[in-house]
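Scroll down for the structure; my scribbles are underneath it.
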Amino acid sequence: MTAKRDFKRVVRERMAKTGETYTQARQALIKDTLSRIDELLAEFKKTEGDRIDREHLFIEAANLAATIHTSAREEGTFHKVFWILPETLKLRALENFLTEDGLSVKDLAWAMERRVCHMAVDAMHDKGHSDDDVVKTHEEFFIWVRKNLDDASQAQAFCVPPVWDCWVRVGRQAEFLGRMESCIASIPARQENKHDRMFLARNLLMFAARDGNDDDMIRLQGVLQRMIDEPGELPPNGVGNPRLGWQGILQQIPLIAAGDDPVKAASAAEACAEWIRSQHGEVDWLMGEVAALCLFQGHYALAEKYAAEALEAGQGQFNPHIYMWCAGGHLGATGDVKSTLPLVREARRHLSASEVKRLLDDQAPFTEYSDDQRLREVVDMRA
């Protein structure tokens with residue numbers, strides 16, 4: 001993210017050329033840069049063919065986004081460009097943003113939440129932050145949320161799973177789950193916070209399933225079902241019909257609970273797949289979720305099977321990660337790098353180089369083949 005002094009220098013250079021005031025030059029530069037970013041992203045989305053053929057458009061947009069300083073907040077400018085910044089710049093950009101004067105409570109909450117999330121990703125990769133750092137910062141965010149957000153907004157303090165994993169790794173899972181339970185029980189149930197409440201309930205349910213706690217699973221399934229049945233609109237969950245998407249979460253719970261048991265996993269995965277098929281194409285995207293769960297739990301042949309079915313149903317266009325789930329399932333089931341390479345190459349045609357590299361670095365079974373240069377060469381593959 002451009003240093004403030006560099007940003008000011010560019011603005012003053014424009015002032016000297018155009019005779020504009022500082023404010024006019026600054027706003028014009030931001031407007032021109034955003035317009036160019038929008039053009040590049042539109043071209044990226046509409047251009048057909050492999051991602052590799054059009055990746056330069058996204059990279060140029062990301063590089064331009066990095067030139068807009070965090071102080072540029074007109075019409076949510078920083079919010080607009082943050083998501084396309086290179087991953088290596090995001091945490092520093094958030095830190096800079098949080099030092100700006102005059103931030104609204106909404107801006108502060110947004111930036112503090114994302115800062116904790118990106119710290120957690122750093123901690124997972126041993127890049128400058130520890131799990132203890134993340135938990136400490138997250139606790140500070142809890143305190144800030146209690147002081148600055150109303151009762152109905154308290155669920156915003158819980159961020160996303162990478163942060164929760166830090167609590168688990170420091171041995172404080174029970175404490176953290178207790179806070180989540182207390183939040184769900186105490187915050188007012190309103191339409192505007194339904195998204196946050198449902199995702200809290202969903203993830204508590206997944207924790208219970210992963211831990212094999214049958215009593216908590218049954219209780220939390222009831223909590224989530226009651227939220228599904230509340231009057232009002234349901235928040236989106238996947239593609240298409242929100243109600244079916246949320247019901248699909250409940251269908252996945254037995255698969256999560258199966259853990260590393262291959263017999264239970266095969267039965268639960270097929271039961272979930274049969275339910276998906278029975279919905280006549282309305283929730284085919286969930287087949288990719290089944291494949292992902294199988295991959296994460298080490299059931300590689302199942303992962304390949306259901307990922308292939310999801311791709312056959314055209315779900316790769318909605319979730320290109322399914323290509324990597326298919327490749328990972330095949331590699332884990334066969335141990336054959338040579339026959340896996342075409343699948344990874346296909347995934348690279350739909351995913352960025354950085355994302356393919358991340359999966360090769362972090363996701364089993366790819367991690368078991370980290371020294372195999374044949375896989376690594378796919379990251380830099382050219383069209």
(Q) Determine whether a donor-acceptor pair (N or O, by modelled atom type, separation under 3.5 Å) exists between the side chain of Arg115 and the backbone of His118. (A) no
CG of Leu40 to CG of Asn63, rounded to nearest 0.5 Å, is 10.0 Å
Do Leu286 and Trp275 make a side-chain contact, defined as non-hydrogen atoms from C-beta onward lying under 4.5 Å apart?
yes
Under-4.0 Å salt bridge between Glu13 and Arg9 = yes
Handout entry: Main-chain N/O of Phe44 paired to Arg54 side chain as donor or acceptor, under 3.5 Å
Key = yes
For residues 188-229, the ring-ring contact (aromatic ring centres under 6.0 Å, His included) pairs (sequence neighbours left out) are His195-Phe199, Phe199-Trp246
Charged N-O contact under 4.0 Å between Glu87 and Arg358
no
With no hydrogens and no angle check, do the side chains of Ser130 and Asp133 hold a donor and an acceptor under 3.5 Å apart? yes
Applying side-chain hydrogen bond (donor to acceptor under 3.5 Å, both in side chains) to Ser35 and not counting sequence neighbours gives none
Taking only Lys NZ, Arg NE, NH1 and NH2, and the carboxylate oxygens of Asp or Glu, determine whether Arg348 and Glu377 approach each other closer than 4.0 Å. no
Measuring only between side-chain heavy atoms, which start at C-beta, is Glu181 closer than 4.5 Å to Arg219? yes
Would a hydrophobic clustering, with Ile, Leu, Val, Met, Phe, Trp and Tyr connected at side-chain separations under 4.5 Å, put Ile59 with Val81?
no
Go through the side-chain N and O atoms of Thr23 and Thr21 and say whether any donor and acceptor fall under 3.5 Å apart. no
Quick note, side-chain hydrogen bond (donor to acceptor under 3.5 Å, both in side chains) partners involving residues 226-239, not counting sequence neighbours, are Arg197-Glu230, Gln225-Asp229, Asp229-Arg243
inquiry  = Donor-acceptor pair, distance only, cut-off 3.5 Å: does the side chain of Asp151 make one with the backbone of Pro188?
reply    = no
Return yes when atom CG of Asp150 has more than 12 non-hydrogen atoms of other residues, nucleotides or ligands closer than 6.0 Å, and no otherwise.
yes
Checking the side chain of Gln154 only, and the main-chain atoms of Leu149 only, is there a donor and an acceptor separated by less than 3.5 Å? yes
Looking only at side chains, do His56 and Glu60 share a donor and an acceptor under 3.5 Å apart?
no
### Message
Test your reading of the model: is there a side-chain donor-acceptor pair from Arg210 to the backbone of Met206, 3.5 Å cut-off?
### Response
no
Correct closest heavy-atom pair for Lys194 and Pro231 would be NZ-O, 3.7 Å
So, Glu175 and Arg179, do they make that salt bridge, N to O below 4.0 Å? yes
d(Ile228 CD1, Leu244 CG) to nearest 0.5 Å is 10.0 Å
More than 12 foreign heavy atoms under 6.0 Å from CG of Asp336: is that the case here?
-> yes
Honestly curious: do Val135 and Phe142 fall in one hydrophobic cluster under the side-chain, below-4.5 Å linking rule?
yes
> So, does Ser267 use its side chain to make a donor-acceptor pair with the main chain of Lys264 at under 3.5 Å?
Replying inline: no
- Query: Using 30° and 60° as the class limits, which term best fits the ring planes of Phe176 and His138: parallel, tilted or perpendicular?
  - Reply: tilted
Run the salt bridge (charged side-chain N to carboxylate O under 4.0 Å, His left out) test on Arg349 and Asp50 for me, step by step, so that the C-alpha distance in whole Å, both residues' side-chain angles and the decisive distance to 0.1 Å come before the verdict. CA-CA 5 Å; Arg349 293 187 176 98; Asp50 292 349; 3.2 Å; yes
Worksheet item: Just wondering, do Phe158 and Asp196 contact through their side chains at under 4.5 Å, heavy atoms?
Response: no
request  = Identify whether Ile256 and Met180 are in the same connected component of the hydrophobic contact network (ILVMFWY, side-chain heavy atoms under 4.5 Å).
outcome  = yes
Scanning both residues in full, the closest heavy-atom pair of Trp144 with Val105 reads CH2-O, 3.6 Å
What one should report as the nearest heavy-atom pair of Leu295 and Ala364 is CG-O, 4.1 Å
**Report entry** Ionic contact status for Lys357 with Asp361, cut-off 4.0 Å
**Finding:** yes
Residue pairs meeting side-chain hydrogen bond (donor to acceptor under 3.5 Å, both in side chains), one or both in residues 279-304, sequence neighbours left out, come to Glu304-His330
side-chain hydrogen bond (donor to acceptor under 3.5 Å, both in side chains) filter on Arg190, not counting sequence neighbours, yields none
Scanning both residues in full, the closest heavy-atom pair of Ser339 with Pro342 reads O-CD, 3.4 Å
Closest non-hydrogen atoms of Asp216 and Ala208, given as atom of the first, atom of the second and distance, are CB-CB, 3.8 Å
(request) Please answer: with hydrophobic residues joined when any side-chain heavy atoms are less than 4.5 Å apart, are Leu343 and Leu341 in the same cluster? (result) no
Taking every heavy atom of Ile276 against every heavy atom of Val283, the minimum-distance pair comes out as CG2-O, 3.4 Å
With sequence neighbours left out, the residues meeting side-chain hydrogen bond (donor to acceptor under 3.5 Å, both in side chains) with Glu113 are Gln156
Notebook entry, point to check: Val121, Met112: one ILVMFWY side-chain cluster at the under-4.5 Å cut-off?
Noted result: no
